[in-house]
2 protein chains.
Amino acid sequence: MNIHDVAKRSGLSVVTVSRVINNSPTVREANRQKVLKAMEELNYQPNSAAQSLVRGKTGIIGMSITNLNDSFYDRVIKVANRKLADQGYFLALSISENEGEGDINNFLFQRDRVDGIILLSPIEEEQYVAELKKKKIPFILLDNQYEHDDVSSVVVDNFQGGYDATKHLLDLGHTRIAHIGGPTIFLSAAERKRGYMKALADAGLTPFAIEYSGFTVSSGYEVAKKWIREDALPTAIFAGDDFIALGVVHALREEGVRVPQDLSVVGFDDQQLAGEFYPRLTTVRQPEAQMAGIGVDLLLRQINGQMEAPTVTKLSPKLLVRESTAYLKQS
Amino acid sequence: MNIHDVAKRSGLSVVTVSRVINNSPTVREANRQKVLKAMEELNYQPNSAAQSLVRGKTGIIGMSITNLNDSFYDRVIKVANRKLADQGYFLALSISENEGEGDINNFLFQRDRVDGIILLSPIEEEQYVAELKKKKIPFILLDNQYEHDDVSSVVVDNFQGGYDATKHLLDLGHTRIAHIGGPTIFLSAAERKRGYMKALADAGLTPFAIEYSGFTVSSGYEVAKKWIREDALPTAIFAGDDFIALGVVHALREEGVRVPQDLSVVGFDDQQLAGEFYPRLTTVRQPEAQMAGIGVDLLLRQINGQMEAPTVTKLSPKLLVRESTAYLKQS
DNA sequence: CTGAAAGCGCTAACAC
DNA sequence: GTGTTAGCGCTTTCAG
């Protein structure tokens, strides 16, 4: 069942049918109706492989992701999905579980499967970028780690986020401020820590303590417990992300340390849950919507050949003051 | 740059090149090498639109999802991804934010874009099923709500899950057992509640209290707070899912009610976080791996025309006893 | 405003 | 083993 069947049934030529499919204005209204009717009766849908072949484009944008279970990704993806739909593109997500080579042969990474690709927080970034460049597939990077020649990307200023979070704690009168950082292989984690250090230095202070952990509740929990055991608690903690922060708060409460009365905690990312547990977490929200929006624009412009020089956009995160931070107790 | 260029460069015909691409054994080794070399030098990749067109298949399986931020989905998706990859298929995810009509024209829902579709916990199920049937696209349902003629699906026995969870509480000596159910428009929520009712009835008991809430921490929290305010606390609570349960535990602890010493709580889904907060939640784990595995098999068999009668597979969930439940305190 | 013809890049008969 | 030919379903000149 193809365009010829429709042509036959409507008594017109395949060309006219094609014109109707593509909303060409140069079709007599009566004929358009005939064609539409035939399409309807035949339950006809144009073959997209054929369309892609002849047009040289697919209308699909691929996005490679590594993780689902996270509010930050969730928001970025949903905004990108909507923006792309507005422009007539579809977003196809592909999970890459960083199993090395296999992934690079992912269906996404074929020039004619997609019109462009968005790499969200890619794991094997260098490798992917090299491959995409080689295959000449238009692409952009979101929340990536490194700079590359000729590649546009949108990142968040994690340094500033770390700085702002720490500054907030300083403004509340805290001086004994500890940090629990995420894995330092992540640039974002390293930057947040750097912001923390700088804010402290600007205030003439030094870190009270620094520990590293995974981006999980349990590892934040462990670190806090350890500090309690060692009786080495600060008065404020800047956690590398909300999961860590949630774990910290949890451990403190178990031990009777009140948040924020006895100890203030700041997280990062504004995870869904950060606003649901009490005290609701003061945190740093990344501008996901902006990130996705700019990223999509950049990619689409590249695809349409309005290829300006590639740009690296750095977005400012925003401190969200809620209930897990308070003025230092006068004692 | 196409197959002809490769043919020219290697000094062989396009057919031979095609054979090499498709690993046909009937190519002289020396020639194969020539072709491979030419492909390499030209950095050639076969055009997949053309391949799809002529083969009548794409090698892509689409999966429609509604939500990312959830461990259950995360696990199902990852297993499906792996299983499909093993069989030479790629999984393309598409988010459908239930905006009504628009979604149905999703790129996934075009016969020749994908070889088959998996609908995971679809929202507008009836509509999607009707559309897919009409378009004659092979598909299966995972964790769906309704039964349909001629459609294979894999679901979890939520009734049994609810029954087992409640039975566990009964076995611990509890008799005052309340339930906080998820939105009853979800069959899964209704079934879990039904299991709860049945277990109680089998023990000659009646529900201590039943409330409904969203599948969120905050709504579980609210319900527990309300019960505390009204001084109407049961000795055990079966929550509709882990988020609700987490909210309940959180509220109870705030009020000095100890879990599990004073009150036992059971959740559902084994969310990532359920095992990270203390007390670690006793919960019901859905067999995601099995679900995805069976679903993929069903779909692939359908695609390959080994079309047995459509089947509805109901999988048993598994109670995970951890630390949020304990024997009823003798008082 | 409409249609005939060519061709997108590839694979599947069918010869040789 | 290898190549010639046809055609997958569609859009795009180019006439008319």
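The structure presented is a predicted model; accordingly, all values stated were derived computationally and were not measured. In what follows, chains are A, B, ... by sequence order, proteins preceding strands, each numbered from 1.
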State which residues pass salt bridge (charged side-chain N to carboxylate O under 4.0 Å, His left out) with A:K314; sequence neighbours excluded, sorted by chain then number.
none

Residues which pass salt bridge (charged side-chain N to carboxylate O under 4.0 Å, His left out) with B:D74, listed by chain and number, not counting sequence neighbours:
B:K78

Given the options B:S153, B:S121, B:S188, B:D143 meets side-chain hydrogen bond (donor to acceptor under 3.5 Å, both in side chains) only with B:S121

Which whole-number value in Å describes the distance from A:N23 CG to D:dT11 C1'?
14 Å

Any N/O pairs under 3.5 Å between the protein and nucleotides 3-6 of chain D? List them or say none.
{"unit_1": "D:dG3", "atom_1": "OP2", "unit_2": "B:S13", "atom_2": "N", "d": "3.1"}
{"unit_1": "D:dG3", "atom_1": "OP2", "unit_2": "B:S13", "atom_2": "OG", "d": "3.0"}
{"unit_1": "D:dG3", "atom_1": "OP2", "unit_2": "B:T16", "atom_2": "OG1", "d": "2.6"}
{"unit_1": "D:dG3", "atom_1": "N7", "unit_2": "B:R19", "atom_2": "NH1", "d": "3.4"}
{"unit_1": "D:dG3", "atom_1": "O6", "unit_2": "B:R19", "atom_2": "NH2", "d": "2.5"}

With a 4.5 Å heavy-atom cut-off, do B:T26 and B:R19 have their side chains touching?
yes

Summary of side-chain hydrogen bond (donor to acceptor under 3.5 Å, both in side chains) pairs that have at least one residue in residues 304-313 of chain A, sequence neighbours excluded
A:R301-A:E308

Whole-Å distance between D:dC10 P and A:K8 NZ?
13 Å

d(CD1, A:I21; P, C:dG3) in whole Å
14 Å

Considering just the side-chain nitrogens and oxygens of B:S18, establish if one lies under 4.0 Å of OP1 or OP2 belonging to C:dT11.
yes

With sequence neighbours excluded, residues passing side-chain contact (heavy atoms from CB on, under 4.5 Å) with A:H4:
A:N2, A:V14

Between B:D297 and B:K83, is there a side-chain N and carboxylate O pair less than 4.0 Å apart?
yes

Enumerate the protein-to-nucleotides 7-9 of chain D contacts in which both atoms are nitrogen or oxygen and the separation is below 3.5 Å.
{"unit_1": "D:dG9", "atom_1": "OP2", "unit_2": "A:N2", "atom_2": "ND2", "d": "3.4"}

Could you state the atom-to-atom distance from NZ of B:K57 to C1' of C:dC10 in whole Å?
16 Å

Can you tell if the side chain of B:L68 reaches within under 4.5 Å of the side chain of B:I95, non-hydrogen atoms only?
yes

Counting any heavy atom closer than 4.0 Å, what does A:D112 reach on the DNA or RNA strands: base, sugar-phosphate only, or nothing?
nothing

